[in-house]
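Take a look at the structure below.
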Amino acid sequence: MPREYRTIAEVAGPLMLVRKVEGVTFGELGEILLPSGEVRRCRVLEINGDNALVQLFESTVGINIAETRVRFLGRGLELPVSPDILGRVFDGMGHPADGGPDIIPERRLDVNGTPMNPAARNYPSEFIQTGVSAIDGLNTLVRGQKLPIFTGSGLPHAQLAAQIARQAKVRSADSKFAVVFAAMGITFEEADYFIRDFRRTGAIDRAVLFMNLANHPAIERISTPRMALTAAEYLAFTRGMHVLVIMTDITYYAEALREVSAARKEVPGRRGYPGYLYTDLATLYERAGRQKGKDGSITLIPILTMPEDDKTHPIPDLTGYITEGQIILSRDLHRRGIRPPIDVLPSLSRLKDKGIGKGKTREDHAQTMNQLFAAYARGKEAKELSVILGEAALSDVDRLYAKFAEAFEAEYVSQGYETERSIEETLDLGWKLLSLLPRTELKRIREEFLDRYYKERTS
């Protein structure tokens, strides 16, 4: 039963203090009833005795403390779900933003989810094909994994995110696959780009989009990823689908957390972010995974912009502790026209070995991957030496490695944002590039694979 109060004591920024409340709980939703009849929404941030601190989803401008009432609704933030959410666009609060009708819910789910018992988790082990060679071939994404993309301001992470969302698939024909896309703090132009790209390619039919724009309230930015993960949990663990969740940009989410924390006058942690930033990010990232006894899975790709391209900034630093690797975009590769500019050497997928090999990708995958890494690293070293000492100082083998590194970036990494490659095409391209090197240099590949694939490429 909703309870109403006229005991507003103070309004400060997006926060409001309500005194002498009874039975109000943390996270509970409320409505602020203005004398004009306007209704604004709020959520309980803190309970201290009979005082409730609430945060408004809308502006506090024009609120008359003496004449305004607060009504608490007795429930937390919920997302109505049904199979009809596929193909729809919502705002950060779960309301339709595509002009379509409201969802007739099969059920209403708490957006904070329920923690997954570690003992009930299945280890990630199945390959997800993104169609991007630098990911599939070298930093493989595995079903149930958390693999963030670290990017910098101005780099084309939006195009890469749209490409992965459009192309990603599981290999088994009988598996149902869906994409949940959550955008936080983006501009109207970016939101329009994502929605148009999903509709242009038909990917919208298997996707659920949550769009929070930069001019929307900070509290909505905090709820957006939770809405998306709640939709993903419903599709994965109730409907048995394999769900890929892409969230951009986690940096804007953390900025919203910092804004709310400052308004609450909390003691700041590193760079002004709240001390519980690690815990808060973990409550999001750890909702991904596979559960024993359930067919569905949630695989998570959070995208975050590193302020000043600094990997030691709290947001990428803490994200790296929680997740299983990272894909790093390079400003230098972007300047040289490599699309997408994925820097494969510092990138890492800690679970890649679990999702590749015979029956998953191809039996030669692991060894060709290791050989490509080694050859590219040596080729980059040779190119740096040639800049310092001149090309004449390089040995014949070093020149071959330098040539390999250039071809690797131009053909393997740079494939554009509209090209989709199957894992077989990616592996065959790797063999084509390795054929630039003498067979005696390919020390990381077994003879049986060299006999089968290397000769084919050079005959």
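Any value given below was found using the heavy atoms of this structure, including those in side chains, with hydrogens, waters and symmetry copies removed. Numbering of residues begins at 1 and proceeds along the displayed sequence.
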For Thr140 against Asp136, the heavy-atom pair lying closest together:
OG1-O, 2.9 Å

Whether Ser347 side chain and Ile328 backbone form a donor-acceptor pair below 3.5 Å:
yes

Are the charged groups of Glu22 and Arg3 less than 4.0 angstrom apart, N to O?
no

Sequence neighbours excluded, which residues qualify as ring pair (Phe, Tyr, Trp, His ring centres under 6.0 Å) partners of Tyr412?
Phe408

How far does CG of Leu33 sit from CD of Glu67, to the nearest 0.5 angstrom?
13.0 Å

Of Ile356, Thr368, Asp428, the residue whose pairing with Arg362 passes side chain to side chain contact (heavy atoms under 4.5 Å, CB included)
Asp428

With side-chain contact (heavy atoms from CB on, under 4.5 Å) as the test, would you mind laying out the steps for Asp91 and Met211 before giving the verdict?
CA-CA 5 Å; Asp91 65 14; Met211 295 289 172; over 6 Å; no

Please tabulate, for side-chain N and O atoms in residues 295-303, each donor-acceptor pair with protein atoms closer than 3.5 Å (sequence neighbours left out).
from   : atom 1 : to     : atom 2 : distance (Å)
Ser297 : OG     : Arg143 : NH1    : 3.3
Ser297 : OG     : His242 : ND1    : 3.1
Thr299 : OG1    : Gly144 : N      : 2.8

Show your working on salt bridge (charged side-chain N to carboxylate O under 4.0 Å, His left out) between Asp205 and Arg166 and close with a plain yes or no.
CA-CA 11 Å; Asp205 295 335; Arg166 188 171 63 240; over 6 Å; no

Which label fits Tyr273 and His313: parallel for a plane angle under 30°, tilted from 30 to 60°, or perpendicular past 60°?
perpendicular

Here the gap from Met369 atom CE to Thr426 atom OG1, rounded to the nearest 0.5 Å, amounts to 13.0 Å

For Lys360, the side-chain contact (heavy atoms from CB on, under 4.5 Å) test, sequence neighbours excluded, returns Ser125

According to salt bridge (Lys or Arg N to Asp or Glu O under 4.0 Å), who are the partners of Arg43, at least two apart in sequence or on a separate chain?
none

Taking the ring of Phe210 and the ring of Phe181, is the distance between their centroids below 6.0 Å?
no

Nearest 0.5 angstrom please: Asn117 CG to Lys292 NZ, how far?
9.0 Å

Taking only residues two or more places apart in sequence or in another chain, which ones pass salt bridge (Lys or Arg N to Asp or Glu O under 4.0 Å) with Glu420?
Lys169

Run the salt bridge (charged side-chain N to carboxylate O under 4.0 Å, His left out) test on Arg452 and Asp364 for me, step by step, so that the C-alpha distance in whole Å, both residues' side-chain angles and the decisive distance to 0.1 Å come before the verdict.
CA-CA 10 Å; Arg452 191 179 314 164; Asp364 60 313; over 6 Å; no

Assess, by modelled atom type and distance only, whether the side chains of Glu220 and Ser223 contain a donor and an acceptor separated by less than 3.5 Å.
no

Provide the full list of side chain to side chain donor-acceptor pair (under 3.5 Å) pairs with a residue in residues 146-161, sequence neighbours left out, each pair given once.
Lys146-Glu324, Thr151-His157

Evaluate the side-chain proximity of Pro340 to Val132: yes if any heavy-atom separation is below 4.5 Å, no if none is.
yes

Of all residues at least two apart in sequence or in a different chain, which pass the ring pair (Phe, Tyr, Trp, His ring centres under 6.0 Å) check with Phe57?
none

Measuring only between side-chain heavy atoms, which start at C-beta, is Met16 closer than 4.5 Å to Ile32?
yes

Of the non-hydrogen atoms in Gly325 and Pro148, which two are nearest, and what is the gap between them?
O-CD, 3.0 Å

Salt bridge (Lys or Arg N to Asp or Glu O under 4.0 Å) partners for Arg421, two or more places apart:
none

Rounded to the nearest 0.5 Å, how far apart are CD of Glu4 and CD of Glu31?
9.0 Å

Taking the side chain as every heavy atom from C-beta outward, state whether Val21 and Val18 have any pair of such atoms under 4.5 Å apart.
yes

I'd like to know whether CD of Glu424 has more than 12 heavy-atom contacts from other residues, nucleotides or ligands below 6.0 angstrom.
yes

Do the side-chain N and O atoms of Gln145 and Ser349 include a donor-acceptor pair separated by under 3.5 angstrom?
yes

Could you go step by step and tell me if Arg121 and Glu286 meet the salt bridge (charged side-chain N to carboxylate O under 4.0 Å, His left out) rule?
CA-CA 11 Å; Arg121 283 182 178 270; Glu286 291 296 342; 3.5 Å; yes

Where Leu304 and Asp249 come nearest, the two heavy atoms and their spacing:
CA-OD1, 3.3 Å

Within 6.0 Å of CZ in Phe188, more than 12 heavy atoms from elsewhere
no

Side chains of Ile47 and Thr25, heavy atoms from C-beta outward: is any pair under 4.5 Å?
no

Is Arg196 salt-bridged to Glu190, cutoff N-O under 4.0 Å?
no

So how far is it from Phe150 CZ to Ile315 CD1, rounded to the nearest 0.5 Å?
10.5 Å

Which heavy atom of Met116 sits nearest to which heavy atom of Arg290, and what is that distance?
SD-O, 4.0 Å

Have a look at Tyr253 and tell me which of Asn212, Thr224, Leu284, Thr248 forms a side chain to side chain contact (heavy atoms under 4.5 Å, CB included) with it.
Leu284

With sequence neighbours left out, the residues meeting side-chain hydrogen bond (donor to acceptor under 3.5 Å, both in side chains) with Tyr193 are none

Determine, stepwise, if the pair Glu28 / Arg75 fulfils salt bridge (charged side-chain N to carboxylate O under 4.0 Å, His left out).
CA-CA 5 Å; Glu28 187 172 337; Arg75 57 180 173 83; over 6 Å; no

So, using salt bridge (Lys or Arg N to Asp or Glu O under 4.0 Å) as the criterion, who are the partners of Arg271 when residues are at least two apart?
Asp310

If I compare all heavy atoms of Thr130 with all of Leu141, which pair ends up nearest, and what's the gap?
CG2-CD2, 4.0 Å

Partners passing ring pair (Phe, Tyr, Trp, His ring centres under 6.0 Å) against Phe237 (at least two apart in sequence or in another chain):
none

Under 3.5 Å side-chain donor-acceptor pair for Arg171 and Gln129:
yes

Find the distance between CD (Glu255) and CZ (Arg258) and round it off to the nearest 0.5 Å.
4.0 Å

Between Asp98 and Arg88 (salt bridge meaning N to carboxylate O under 4.0 Å), is one present in this structure?
yes

Quick one: are Pro274 and Asp280 in side-chain contact, heavy atoms under 4.5 Å?
no

For a 4.5 angstrom cut-off between non-hydrogen side-chain atoms, does Lys352 reach Val142?
no

Can you name the residues that form a ring pair (Phe, Tyr, Trp, His ring centres under 6.0 Å) with His216, not counting sequence neighbours?
none

Which atom of Phe26 lies closest to which atom of Leu45, heavy atoms considered:
CE1-O, 2.9 Å

So, do Ile164 and Ile149 sit near enough that their side-chain heavy atoms are less than 4.5 Å apart?
yes

Under 4.0 Å between a side-chain nitrogen and a carboxylate oxygen: does that hold for Lys432 and Glu425?
no

